Every structure is written in C-alpha cells, then in structure tokens.
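Letters A, B, ... mirror the listed sequences (proteins, then strands); counts begin at 1. Any value given below was found using the heavy atoms of this structure, including those in side chains, with hydrogens, waters and symmetry copies removed. Predicted, not measured: the structure shown is a model, and the values here were computed from it.
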There are 2 protein chains.
Amino acid sequence: MKTEEEIKIPNATAKRIPLYYRYLKTLQESGVERIKSKEFSQLIQVPSATIRRDFSHFGELGRSGYGYDVSYLIEVFSNILNTKVEKRIALVGAGNLGKALLNNNFRRNENLNIVCAFDANPEMIGQKINGVTVRPMSDMKELVRKEGITTAISTVPSSHSQEVVDQIVDSGITAILNFAPGRVKVPEQVKIQYIDLTTELQTLIYMDENFTSRKHFNFSNQD
Amino acid sequence: MKTEEEIKIPNATAKRIPLYYRYLKTLQESGVERIKSKEFSQLIQVPSATIRRDFSHFGELGRSGYGYDVSYLIEVFSNILNTKVEKRIALVGAGNLGKALLNNNFRRNENLNIVCAFDANPEMIGQKINGVTVRPMSDMKELVRKEGITTAISTVPSSHSQEVVDQIVDSGITAILNFAPGRVKVPEQVKIQYIDLTTELQTLIYMDENFTSRKHFNFSNQD
DNA sequence: CTCAAGATGTGAATATTTTAACAAGAGGTG
DNA sequence: CACCTCTTGTTAAAATATTCACATCTTGAG
C-alpha cells in the first residue's frame with residue numbers, strides 16, 4: 001500500500017468520498033459487513049469501475065472474488081475525511097436559511113457542529129436557536145479563536161456577501177461555504193465553496209427540457 | 001450562427017450558463033453595455049478561454065477587438081434557459097428548510113416560482129407561508145396538473161425520500177431537486193439533482209485540510 | 001483611409017475523468 | 001486439493017474538459 005502523502009487524489013474522486021462514506025455508514029448500521037463494487041454501484045448510482053478506480057487511490061482496499069470489508073472502508077475514509085476530529089463551525093447570517101441549518105446542525109454527522117452563530121441585525125442578537133445563541137458580528141474574531149472554529153457557513157445575501165466574507169477571513173477561518181452566489185475575493189489560502197440553489201435549479205430544468213430521454217444528469221444509472 | 005438543434009453542448013458548459021446569465025443581468029442593472037471575456041473572467045472567476053469556448057457553442061456572439069454586447073448575451077442565454085416561460089415549482093416538505101425556501105422563493109428570478117407546497121404532517125396543513133398554503137400530499141397529483149407544475153423541490157428527510165419521490169414522479173413531474181442525500185430510483189426520463197450540504201461541507205473541509213496553498217477549489221482565480 | 005491596439009473564435013495541445021476489459025488472485029465447494 | 005466462480009486493481013482506450021496561442025477581424029484614433 002502506498003503511503004498517503006505521496007498520492008495525488010483527483011478532484012473528481014475527492015468529491016465522491018463523502019458520498020462513499022455516508023453510504024458505508026448506512027450499510028454498517030444495517031448490519032452489512034461486506035460490499036462488492038457492483039452492489040455499491042447500484043446503491044449510490046456511480047459506475048462500479050469508477051468506484052474501484054476511486055478506491056484504488058487509497059491502496060488495495062478490497063480482495064478479489066470477495067469485495068470490500070465495510071468496516072475497513074469506513075476506517076480508511078474516516079481517516080481521509082478526518083472525522084475523528086470535531087469540526088467546529090460558525091454560522092454567519094441567522095435568517096430563514098441560517099435557522100434551518102442551525103436546527104438541523106448536521107445531526108447525522110457527530111463531528112460537524114455549528115457551535116456559534118452571528119448576525120448583523122440587532123434584533124436577532126441574543127436569540128437562542130437549537131441551543132446556539134446568535135451574537136453580534138463584532139464578537140466573531142474573538143470567539144473563532146477561543147472556540148477553535150475552523151470553518152464558516154455564510155447565508156448572508158449577495159449584497160453583503162463580500163464584506164461579511166472579509167470579516168470571516170479576518171477572523172482566521174480558511175474554509176467557507178457560501179450560500180450567496182456572487183463570487184467574492186478571498187486570499188489564496190482560503191477555500192470557498194458556493195452553494196447556489198438558483199443555478200442548480202436552472203441547470204436541472206435546462207437538462208430536463210433539452211435532454212429528455214437521455215442519460216441521467218449526475219451519473220448514469222447503468223451497471 | 002448554427003441552429004440550436006444541431007449543437008451538442010458539453011455538460012460542463014451547461015452547468016455554467018446560469019452563472020453567466022446571472023452575472024450578465026447584474027451587469028446590465030449596473031448599466032454596463034459591453035463586456036470583454038477577460039473582464040468577465042475576473043468577475044466570475046472562470047478563465048477567459050473557458051468563457052470564450054463556452055460562448056462559442058452558441059454561435060459567434062462577440063466581435064473581435066470589441067467584446068460582447070451584454071444585452072445580446074442576455075437575449076441568447078435567456079433563450080437557452082427559456083426564462084421567458086414561467087417555471088411553476090412544487091415544494092414538498094415544509095419543515096425548516098422548506099419554509100426558508102418558500103420565504104425566499106427565488107425572488108430575484110421572476111420566472112422561477114414555488115406555487116404550492118405539500119407536507120405529510122397534518123399539523124402543517126393549512127399554514128400559509130409567504131402566500132403559499134401548505135396542502136396534504138394527497139392533493140399533489142391533481143394540483144400539479146391543474147397548476148401546470150413542471151418541477152419539484154423535495155426537502156423531505158432521507159428516511160421518506162424514496163416514497164415521496166415516487167409520489168412526485170407519479171404526479172407527472174419530470175425534474176426534481178432533492179435535498180435528501182440518499183440516492184433514489186426514478187424512471188429514466190425523470191431528471192433528479194441532489195443538493196447535499198453535508199457532502200459539500202466535508203469536501204470543502206477535506207480540500208482545506210489537504211490542499212492548503214493550492215489552487216482554488218472550483219475554478220482557479222487566475223487570468 | 002490607414003494603422004495600431006486589442007479581442008474574438010478556434011485549431012491543437014494538454015489535462016482530467018470515465019469507461020472497458022481482463023489478468024491475477026481469492027473464496028468456497030465438493 | 002483442485003477447480004470453478006467471482007471480483008479486484010489496473011492497463012489501456014475513449015471521452016470530456018481546459019488551456020494555450022494565434023490568425024483574423026474590429027474598433028477607434030489620427
């Protein structure tokens with residue numbers, strides 16, 4: 001088995017790891033102890049060749065004529081995703097969407113925790129949502145440091161997105177999930193990922209209108 | 001200019017169209033009448049060569065030494081996305097996230113409208129959120145037909161995702177945006193797109209932890 | 001009208017991702 | 001133990017996507 005350090009994981013593979021991990025946990029909960037790439041393929045709707053190729057980047061995880069050990073795979077992917085370390089997350093923007101996220105709070109992933117929330121609107125300050133108190137923006141920098149927060153989720157509207165992201169970056173956070181679609185500027189070392197519901201919806205509708213009776217959008221169902 | 005029918009639009013391009021469209025509208029609102037691929041590149045953080053290549057699939061939209069006419073581009077992309085036809089959308093699942101979506105209701109896109117909402121929980125039925133009344137699941141099939149609904153958004157938890165999607169499909173809808181991450185089975189002609197917040201977050205954190213000081217995750221900033 | 005500056009659209013090169021196909025190896029049965 | 005079946009890991013091929021680099025065209029200034 002290759003050591004993890006020398007491997008270059010393709011982007012496309014990296015994006016599928018959380019999906020793999022989630023399904024493996026579900027399988028384990030249902031008492032499934034081993035899985036073949038073909039079965040897994042049917043479950044997650046990713047071609048079996050892609051699954052085997054993806055897995056192979058992390059070593060020889062399976063055994064010919066047998067398949068993969070679910071608990072071993074979980075062990076491997078858990079290390080890759082570093083799930084044994086709690087990720088403490090800050091939520092910025094406690095409007096409708098922010099509240100929904102707080103109420104949900106990645107409950108099924110015990111290592112992902114929104115531990116504090118900020119909002120610029122004075123009326124919001126002090127509200128307690130699912131155990132988390134909404135605080136003023138001015139508290140962010142200090143709390144991020146004190147609470148060991150590594151990641152932020154911003155649900156602030158596009159109009160204030162850049163200025164809020166600047167504050168987030170200034171607080172020392174290096175990973176941001178942004179629900180405002182407008183592209184913002186961040187220093188090179190900061191990773192930012194956009195979740196753009198309108199774009200997703202428009203793409204979906206476009207695909208539906210133009211490629212009906214074609215292949216599945218994300219991944220083909222075959223195999 | 002080639003006729004639209006004979007062109008095969010690459011998937012990667014198709015996914016960027018809504019982004020292009022959104023930014024072009026913003027530019028137009030700010031009174032910008034023309035744009036060069038290099039300027040646009042800086043704005044949306046997609047390399048200029050990619051932009052030009054993408055645009056070229058829809059004909060020769062620009063002029064050498066001049067750039068692109070913003071209003072003409074909007075016209076073209078508006079046709080591609082068919083934004084002149086209202087897309088009537090059903091929301092299924094009126095919990096926290098569903099309510100947030102209803103309250104927002106794609107306000108900035110006048111052609112995307114959530115026009116009705118359904119929930120299985122009797123306590124929800126009858127509630128009015130941002131002008132939309134929550135109805136029982138049993139009303140869906142009839143309303144979808146009567147209201148000319150083409151698309152559904154499901155915020156129903158994974159545990160009931162498949163059964164709800166079955167009902168959505170049965171009502172005649174062919175495009176589904178699903179916030180439950182569990183992959184569901186749908187007939188071939190139905191397009192389904194997943195929005196999986198946990199996966200996005202885990203991927204982001206993974207990238208942040210493993211590729212710090214590397215390139216931007218989605219698109220490089222350069223150019 | 002002429003010319004310099006500058007931007008497009010696109011062939012060609014490169015990079016990335018997916019898919020097919022199969023040799024090699026493991027498992028389980030008799 | 002021998003053998004048949006099955007599945008992996010991977011090599012090679014194909015498909016898709018990005019990027020470079022420039023011939024060609026347009027603009028706008030003089």
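Protein atom CZ of Arg63(A) is 8 Å distant from nucleotide atom C1' of dA26(C), rounded to whole Å. Taking atom CD of Gln42(A) as the reference point, atom P of dT7(D) lies 12 Å away to the nearest angstrom. The interatomic distance linking Glu60(B) (CD) with dG11(C) (C1') rounds to 14 Å, in whole Å. Going from atom CG of Asp69(A) over to atom P of dT7(D) covers 15 Å, rounded to whole Å. Atom NE2 of His57(B) is separated from atom P of dT10(C) by 10 Å (rounded to the nearest Å). In this entry the distance linking OH of Tyr68(B) with P of dT26(D) reads 14 Å, nearest Å. Note: CG (Asn11(B)) to P (dT17(C)) measures 14 Å, nearest angstrom. Atom P of nucleotide dT16(C) and atom CD1 of Ile9(A) are separated by 14 Å, given to the nearest angstrom.
The 5' end of DNA chain C is approached more closely, in terms of each residue's nearest nucleotide, by Pro10(A) than by the other of Gly65(A) and Pro10(A). Map Arg52(A) and Phe55(B) each onto its nearest nucleotide of DNA chain C; the residue landing nearer the 5' end is Phe55(B).
Annotation: cation-pi pair Arg183(A)/Tyr194(A) present, NZ/CZ under 6.0 Å from the ring centroid and within 45° of its normal. A cation-pi arrangement is not found for Arg34(B) relative to Tyr68(B), the charged atom failing to lie both closer than 6.0 Å to the ring centre and inside a 45° cone about the ring normal. Figure legend: cation-pi geometry between Arg63(A) and Tyr66(A), with NZ or CZ positioned under 6.0 Å from the six-membered ring centre and within 45° of its axis.
With sequence neighbours excluded, the residues forming a side-chain contact (heavy atoms from CB on, under 4.5 Å) with Pro181(B) are Arg22(A), Ser158(B), Asp196(B), listed by chain and number.
Taking a 6.0 Å sphere around CD of Glu29(A), one finds it holds more than 12 heavy atoms contributed by other residues, nucleotides or ligands.
Aromatic rings of Tyr21(B) and Tyr206(A) (six-membered ring for Trp) have centroids beyond the 6.0 Å cut-off, not under it.
The phosphate of dT8(D) (OP1 or OP2) has a side-chain N or O of Ser37(A) nearer than 4.0 angstrom.
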With a cut-off of 3.5 Å and sequence neighbours excluded, list every side-chain donor-acceptor pair involving residues 87-107 of chain B.
unit_1: Lys87(B); atom_1: NZ; unit_2: Glu209(A); atom_2: OE1; d: 3.4
unit_1: Lys87(B); atom_1: NZ; unit_2: Glu209(A); atom_2: OE2; d: 2.3
unit_1: Arg88(B); atom_1: NE; unit_2: Glu147(B); atom_2: O; d: 2.5
unit_1: Arg88(B); atom_1: NH1; unit_2: Glu86(B); atom_2: OE1; d: 3.2
unit_1: Arg88(B); atom_1: NH1; unit_2: Glu86(B); atom_2: OE2; d: 3.4
unit_1: Arg88(B); atom_1: NH2; unit_2: Glu147(B); atom_2: OE1; d: 2.4
unit_1: Asn103(B); atom_1: ND2; unit_2: Lys99(B); atom_2: O; d: 3.0
unit_1: Asn105(B); atom_1: OD1; unit_2: Ile114(B); atom_2: N; d: 2.8
unit_1: Asn105(B); atom_1: ND2; unit_2: Ile114(B); atom_2: O; d: 3.4
unit_1: Arg107(B); atom_1: NE; unit_2: Asn104(B); atom_2: O; d: 3.3
unit_1: Arg107(B); atom_1: NH2; unit_2: Asn103(B); atom_2: O; d: 2.3

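Donor-acceptor pairing under 3.5 Å, judged by distance alone, is present between the side chain of Arg53(B) and the base of dT19(D).
Listed by residue number, the members of residues 27-36 of chain A with any heavy atom below 4.0 angstrom from DNA chain C are Arg34(A).
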